[in-house]
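A short write-up of the structure that comes next.
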2 protein chains.
Amino acid sequence: MKKLVNDPKNVVAEAVAGFGAAHADIVRVSTDPVYIVRGDAPVSGKVGLVSGGGSGHEPLHGGFVGFGMLDAAVPGAVFTSPTPDPILAATKAVDGGAGVLHIVKNYTGDVLNFETAADLAAAEGIDVRSVIVNDDVAVKDSLYTAGRRGVAGTVLVEKIAGAAAERGDSLDAVAAVAEKVISQVRSMGVALTPCVVPHAGEGSFTLADDEIEIGIGIHGEPGRARIKLEPADAIVDRLLGPILEDIPFVRGDQVLLFVNGMGGTPQIELYIVFRRAAEVLAEQGITVVRTLVGNFTTSLEMQGTSITVLKLDDELTSLWDAPVQTAALRWGR
Amino acid sequence: MKKLVNDPKNVVAEAVAGFGAAHADIVRVSTDPVYIVRGDAPVSGKVGLVSGGGSGHEPLHGGFVGFGMLDAAVPGAVFTSPTPDPILAATKAVDGGAGVLHIVKNYTGDVLNFETAADLAAAEGIDVRSVIVNDDVAVKDSLYTAGRRGVAGTVLVEKIAGAAAERGDSLDAVAAVAEKVISQVRSMGVALTPCVVPHAGEGSFTLADDEIEIGIGIHGEPGRARIKLEPADAIVDRLLGPILEDIPFVRGDQVLLFVNGMGGTPQIELYIVFRRAAEVLAEQGITVVRTLVGNFTTSLEMQGTSITVLKLDDELTSLWDAPVQTAALRWGR
């Protein structure tokens with residue numbers, strides 16, 4: 001295992017400290033318990049947004065803390081849910097009196113620990129609501145998950161719900177717009193290589209030199225099929241087909257097309273993927289009106305990509321376009 | 001070789017097409033010859049900025065085309081200089097009557113081809129100036145280079161010179177501020193793994209399972225030493241020492257600290273590197289007042305990092321802070 005780490009036990013603590021030092025204009029960090037919070041939290045009268053989950057998917061979620069997006073992010077150990085304590089502490093830290101929304105990816109541990117934290121916060125008089133992101137169409141149930149997994153679509157939920165909270169929407173309204181995004185976003189991914197969890201020291205799974213995993217989870221969970229490597233365009237077609245059939249997306253839809261890198265994929269490959277995905281959508285009469293390309297929901301150094309399509313309407317488009325100022329997404333400010 | 005590509009011969013053409021489709025709000029692309037240009041180019045009365053070089057270092061340079069930064073980028077084949085023709089075409093496309101600045105990384109092929117293009121442009125009546133970026137302190141001469149190599153510091157030159165051009169500075173003034181950045185910026189990198197050029201199909205060099213290359217070039221050129229893997233903090237110290245000694249940086253300096261990913265390094269590792277680098281600078285009385293962390297000058301899927309330090313003054317800080325709107329750097333707009 002070759003990594004830029006010191007003691008594998010300290011990876012998350014040191015990375016969070018570095019993150020806090022690098023982005024002190026946007027966030028502050030708590031080290032015990034560990035969470036990342038917007039520099040001006042709590043914002044009085046604003047709904048607070050908290051997300052979190054295992055580390056190793058950066059910039060998800062800490063990179064999305066700031067104006068117009070999350071109020072706090074709670075990183076667990078690598079690929080391990082945070083415990084209720086730091087989630088509770090983060091929830092209290094962002095409570096500005098208008099309630100707090102938890103944005104939770106659908107993994108059993110995350111769901112359970114966020115639920116416990118929400119109960120504890122409620123007992124302290126904080127109004128907490130939760131939404132569960134489950135955008136991955138690859139498999140119904142999976143390692144760590146009952147039901148569909150939450151993957152890169154989470155970024156879009158956080159951005160759009162964050163904009164709704166920033167403009168002053170109520171807790172009910174912010175939760176409703178988050179649910180709307182969840183109902184209209186679908187994703188699927190592929191892995192070319194496994195990733196190595198620092199404290200494990202070896203690959204989370206193995207793939208032969210000519211094999212790829214279609215429908216991979218962001219922790220390396222099995223997908224739909226292990227197949228021989230194919231040209232990029234054929235792989236894109238395998239990912240996009242199940243996405244488009246699912247809601248389904250139809251001719252005349254306006255969408256946000258998001259090509260996400262798994263961490264170790266060169267950017268030129270992501271744009272080759274984007275090119276084909278945009279081409280397929282155009283052929284089907286679906287109009288790409290917003291785009292996002294890059295490493296936003298990663299699996300450490302995994303090589304691979306995921307495609308996410310979000311059906312837009314005027315409200316979602318306008319919330320997507322609203323100003324945001326985080327370490328990983330920033331515009332209009 | 002596992003890559004998300006179709007025909008390796010078409011990697012750059014397809015990636016540029018995808019880039020143009022993804023960022024049509026910011027750029028347009030020319031396919032023959034291949035270059036990427038700001039959507040509103042030429043901007044009348046503004047100095048035009050053109051950079052370029054071999055592909056495989058994305059987002060350098062195409063990701064930095066847009067308001068407040070480059071007017072055009074000219075991508076060659078992977079790790080191969082673009083020829084004079086597309087450089088000339090890009091130069092003409094961005095000429096708004098106030099002259100054009102070429103920002104060239106110091107590699108023999110790039111220097112030669114940009115020089116030829118500048119001569120051809122001058123023959124057509126365009127006032128062209130060039131600056132050569134050579135921020136890599138690792139080695140004096142190298143594969144492909146007489147003198148020091150140009151690496152990640154190029155991003156800072158492009159941002160700051162771009163801001164100067166955007167505020168209406170003359171060609172002489174924009175060239176002068178670019179030269180000032182070049183004189184005050186130093187970098188050094190490390191590779192944990194090699195990268196694979198698509199048309200070659202195998203690693204550009206080899207490293208044993210426990211070896212790293214200190215002072216690596218962005219095309220995998222040899223650095224200062226091949227050593228056994230060490231803790232991240234020790235590696236940071238090996239990179240930062242030669243950087244700080246070079247100008248030298250001294251107590252009281254205000255700097256921009258830039259931790260760059262080589263393409264395949266998880267973001268948590270980059271922040272572990274940032275943490276130590278910031279700590280060392282603080283110990284030496286050097287104040288980090290601006291930061292940049294992420295994959296900005298990559299070597300395909302290479303795992304590794306480089307550290308760049310730029311000595312700031314009020315003028316450079318204000319130009320760094322000025323609004324920018326490109327695919328890879330965006331703020332204040």
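Chain letters run A, B, ... following the sequence lines, proteins first and then strands; every chain starts at 1. Heavy atoms only: backbone and side chains are in, while hydrogens, waters and symmetry mates are out.
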Polar side chain donor-acceptor pair, B:Gln267 to A:Asn295, under 3.5 angstrom: no
Interchain contact, A:Pro323 with chain B, by part (heavy-atom threshold 4.5 Å): neither
For the interface with chain B, which of A:Leu229, A:Leu207, A:Asp233 has the highest count of heavy-atom pairs at distances below 4.5 Å? A:Asp233
Whatever's closer than 4.5 Å to a heavy atom in chain B on A:Val5 counts as both
B:Leu300, B:Thr291, B:Leu4: which one forms the most heavy-atom pairs within less than 4.5 Å of chain A? B:Leu4
Chain A heavy atoms under 4.5 Å from B:Leu192: which part of the residue, side chain, backbone, both or neither? both
Contacting moiety of A:Met302, where chain B heavy atoms sit under 4.5 Å: neither
Under a 3.5 Å cutoff, is there a donor and acceptor pairing between the side chains of B:Thr305 and B:Glu269? no
Considering only heavy atoms and a distance below 4.5 Å, find which of B:Val11, B:Val273, B:Asp7 pairs most often with chain A. B:Val11
Just so I know, are the side chains of A:Pro75 and A:Val16 near enough to count as touching, which here means a heavy-atom distance under 4.5 Å? yes
Please rank A:Pro198, A:Ala13, A:Ala328, A:Pro59 by heavy-atom pairs under 4.5 Å with chain B and give me the top one. A:Pro59
Side chain to side chain contact (heavy atoms under 4.5 Å, CB included), that's the test. Do A:Val255 and A:Val289 meet it? Break it down for me. CA-CA 6 Å; A:Val255 301; A:Val289 295; over 6 Å; no
Quick check, are the ring centers of B:His23 and A:Phe274 under 6.0 angstrom apart? no
Indicate whether any N or O donor in one side chain lies under 3.5 Å from an N or O acceptor in the other, for B:Gln303 and B:Thr265. no
Any side-chain heavy atom of A:Gln325 sitting closer than 4.5 Å to one from A:Met69? no
Side chains of A:His219 and A:His57, heavy atoms from C-beta outward: is any pair under 4.5 Å? yes
Specify which of A:Ala22, A:Gly263, A:Gly332 makes the most heavy-atom pairs with chain B at under 4.5 Å. A:Ala22
Could you tell me which portion of A:Val78 (side chain, backbone, both or neither) has an atom closer than 4.5 angstrom to a non-hydrogen atom of chain B? side chain
Options B:Glu58, B:Glu301, B:Arg276, B:Glu14, ranked by heavy-atom pairs under 4.5 Å with chain A, top entry: B:Glu14
Pairs satisfying ring-ring contact (aromatic ring centres under 6.0 Å, His included), at least one member in residues 190-213 of chain A, at least two apart: none
Quick one: which of A:Ile212, A:Ile268, A:Val324 has the most heavy-atom pairs under 4.5 Å with chain B, could you say? A:Ile268
Do we see a donor-acceptor contact under 3.5 Å between the side chains of B:Asn260 and B:Thr297? no
In terms of heavy-atom proximity below 4.5 Å to chain B, should A:Val293 be classed as side chain, backbone, both, or neither? side chain
Residue, of A:Val259, A:Asn10, A:Asp209, A:Leu329, that accumulates the most heavy atom pairs under 4.5 Å with chain B: A:Asp209
A:Ile235 versus chain B, the contacting section by heavy-atom distance below 4.5 Å: side chain
